[in-house]
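Below is one structure, written out as structure tokens; comments come after it.
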Protein chains: 2
Amino acid sequence: MASRPAEPDALVERFARYLRDRRLPVTRQRMEVAQAVTRVADHPSADRIQRDLAERKIRVATATVYRTLELLVQSGLVREHDFGEGFRRFESVSEQDRHEHLICQRCGKVVEFSNDRLERMLELIADELDFLHRRHRIEVYGLCPDCRRRDLVALRPSGAPS
Amino acid sequence: MASRPAEPDALVERFARYLRDRRLPVTRQRMEVAQAVTRVADHPSADRIQRDLAERKIRVATATVYRTLELLVQSGLVREHDFGEGFRRFESVSEQDRHEHLICQRCGKVVEFSNDRLERMLELIADELDFLHRRHRIEVYGLCPDCRRRDLVALRPSGAPS
DNA sequence: TTACGTGCAAAGGCTTTGCAGTCGG
DNA sequence: CCGACTGCAAAGCCTTTGCACGTAA
């Protein structure tokens, strides 16, 4: 179900092409950030991306990380999310791959799912209300299988849950 | 379709009861903020609420607005939204009233809609993935009828859109 | 060469926190 | 009275901006 991120190299390559098409410099930093977005699993934040690069001894300034992410989003190669955590997350998009998210409220894990009927319904609903549908997002918050199980176990021994 | 906010007085009253039940002080500021959330249309931000109160010559500190909103959210009487604008919005909830949002990307207008099938589908999908569904949100971004029309008009006269 | 990018640090916008004074129950 | 709240200002967090220097093409 859940889509794997686009091949890192594929995204980097497409980003490079995007930049060249616009006569924009293809810099080391831009390529590194693009690569990190696909390399780091689970919808990384800007900070997470920067730390991933740091671990690999690649120093890129915070401002550059943000500026590059903005370019990636504009290019359509990366999707931006706000799960209400106080910071944004990013995710590489392999085209024609629409999917939504389940977010675990306990451990923060993010799982993807897709359902065509769901997507189409929203377009219809927008249409009925005379809205021009451009994009949408669907997020389900709850407990992932692991945390859900852990909850049950925690409840069993004695009496009341916290 | 779109639900009207709960009667202001109803919400204030229920909030007061909520506080009393927990032996928490029912203060003037708390009641004013609660009232403002339902009075101000269109999913106000904390700032919007504070300014609404200021216009009515009611001075409530920013911190108090935020602290009260947190209580309101915890009480379940108010829903919190993050439409990715860099700030949060709030909305009073008249119970058993589940609805989702259409957000105009041009003028920021927010329209509500509800669709039971949609809601149920998400519960089913979560279930299939062994997730415990607690809540979800669905947001459609696009152009409201007005802005959509304005766009057409703007395109008609001569050649290219801006 | 030259426009555009990068790093750095400072500034910004929203939200939270610490603390002394105040007030609801 | 006492615990909880309020206002105020400062601090926090993520993100953006200004500017001098560096670099892709």
Side-chain angles (χ1 to χ4, degrees), chain A residues 12-13 15-37 40 43-54 57-75 78 80-90 108, chain B residues 12-13 15-37 40 43-54 57-75 78 80-90 108:
Chain A
V12 171
E13 195 186 292
F15 187 40
R17 196 179 320 140
Y18 174 87
L19 293 171
R20 276 192 291 267
D21 285 351
R22 287 166 180 63
R23 307 273 122 78
L24 295 175
V26 177
T27 66
R28 193 178 68 64
Q29 291 91 331
R30 283 174 175 175
M31 294 302 100
E32 291 291 359
V33 171
Q35 200 155 30
V37 177
V40 180
H43 313 71
S45 62
D47 178 65
R48 179 80 185 69
I49 288 166
Q50 191 177 27
R51 283 188 290 109
D52 178 78
L53 291 172
K57 305 283 179 259
I58 302 164
R59 191 167 293 105
V60 181
T62 307
T64 300
V65 172
Y66 279 102
R67 287 189 280 231
T68 304
L69 285 170
E70 191 183 334
L71 276 172
L72 283 163
V73 169
Q74 282 174 4
S75 75
V78 162
E80 177 179 17
H81 296 290
D82 188 333
F83 294 151
E85 302 162 299
F87 56 86
R88 287 173 294 164
R89 292 178 182 242
F90 299 85
Chain B
V12 171
E13 194 185 292
F15 187 39
R17 195 179 320 142
Y18 174 86
L19 293 171
R20 276 192 291 267
D21 286 350
R22 287 168 178 62
R23 309 271 121 78
L24 295 175
V26 176
T27 65
R28 193 178 66 65
Q29 291 90 330
R30 283 173 174 173
M31 294 302 100
E32 291 291 1
V33 171
Q35 200 156 29
V37 177
V40 179
H43 312 73
S45 61
D47 177 65
R48 181 79 185 68
I49 288 166
Q50 191 178 26
R51 282 187 290 109
D52 178 76
L53 291 172
K57 304 284 179 258
I58 300 163
R59 192 168 290 105
V60 181
T62 307
T64 299
V65 172
Y66 278 103
R67 288 189 280 231
T68 303
L69 286 170
E70 192 184 334
L71 275 172
L72 283 163
V73 169
Q74 281 173 6
S75 75
V78 161
E80 177 179 20
H81 297 289
D82 187 334
F83 294 151
E85 302 163 297
F87 57 86
R88 287 174 292 163
R89 291 177 182 244
F90 301 86

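Proteins come first, then strands; the chains are lettered A, B, ... in the order of their sequence lines, and each starts at number 1. All heavy atoms count here, side chains included; hydrogens, waters and symmetry mates do not.
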To the nearest angstrom, how far is [X] atom [atom1] from [N] atom [atom2]?
X        : N       : atom1 : atom2 : answer
Leu69(A) : dT16(D) : CG    : C1'   : 13 Å
Asp82(B) : dG13(C) : CG    : C1'   : 14 Å
Leu53(A) : dG7(C)  : CG    : C1'   : 15 Å
Glu85(B) : dG12(C) : CD    : P     : 22 Å
Glu32(A) : dG7(C)  : CD    : C1'   : 16 Å
Arg89(A) : dC14(D) : CZ    : C1'   : 14 Å
Phe83(B) : dC14(C) : CZ    : P     : 17 Å
Arg51(A) : dC13(D) : CZ    : C1'   : 14 Å

Please tell me if [X] has a side-chain N or O lying less than 4.0 Å from either OP1 or OP2 of [N].
X        : N       : result
Tyr66(B) : dT16(C) : no
Thr27(B) : dC5(D)  : no
Gln29(A) : dT23(D) : no
Arg59(B) : dC8(D)  : no
Arg30(A) : dG5(C)  : yes
Arg67(B) : dC5(D)  : no

(Q) Determine whether Phe15(B) and Val78(B) satisfy the following criterion, side-chain contact (heavy atoms from CB on, under 4.5 Å), listing intermediate values before the conclusion. (A) CA-CA 10 Å; Phe15(B) 187 39; Val78(B) 161; over 6 Å; no
**Q.** Stretch residues 15-24 of chain A: residues that reach within less than 4.0 Å of DNA chain D through a heavy atom
**A.** none
Among [options], which nucleotide sits nearest the side chain of [X]?
X        : options                   : result
Phe87(B) : dG7(C), dT15(C), dC14(D)  : dT15(C)
Pro25(B) : dT17(D), dG24(C), dG7(D)  : dG24(C)
Val26(B) : dA24(D), dG25(C), dT15(C) : dG25(C)

Q: Using the side-chain contact (heavy atoms from CB on, under 4.5 Å) rule, take Leu19(B) and Leu71(B) through it: C-alpha gap first, then chi angles, then the decisive distance, then the call.
A: CA-CA 9 Å; Leu19(B) 293 171; Leu71(B) 275 172; 4.3 Å; yes
Q.
Contact between Arg28(B) and Met31(B) at the side-chain level, heavy atoms closer than 4.5 Å - yes or no?
A. no
Q | Lys57(A) NZ to Arg59(A) CZ distance, which is reported to the nearest 0.5 Å | A | 8.5 Å
Q | Presence of salt bridge, Arg17(A) and Asp21(A), under 4.0 angstrom | A | no
Q. Which residue, Ser45(B) or Ala61(A), contacts DNA chain C at a nucleotide closer to its 5' end, judged by nearest heavy atom?
A. Ala61(A)
Q) Nearest nucleotide by nearest heavy atom, which residue falls closer to the 5' end of DNA chain C, Arg28(B) or Ala46(B)? A) Ala46(B)
(Q) Is the terminal nitrogen or CZ of Arg22(A) (NZ for Lys, CZ for Arg) located under 6.0 angstrom from the six-membered ring centre of Tyr18(A) and within 45° of that ring's axis? (A) yes
Q: Decide yes or no on side-chain contact (heavy atoms from CB on, under 4.5 Å) for Leu69(B) and Arg88(B), but give the supporting numbers first.
A: CA-CA 11 Å; Leu69(B) 286 170; Arg88(B) 287 174 292 163; over 6 Å; no
(Q) Could you tell me if Gln50(B) and Thr62(B) have a donor-acceptor pair between their side chains, going purely by distance under 3.5 Å? (A) yes
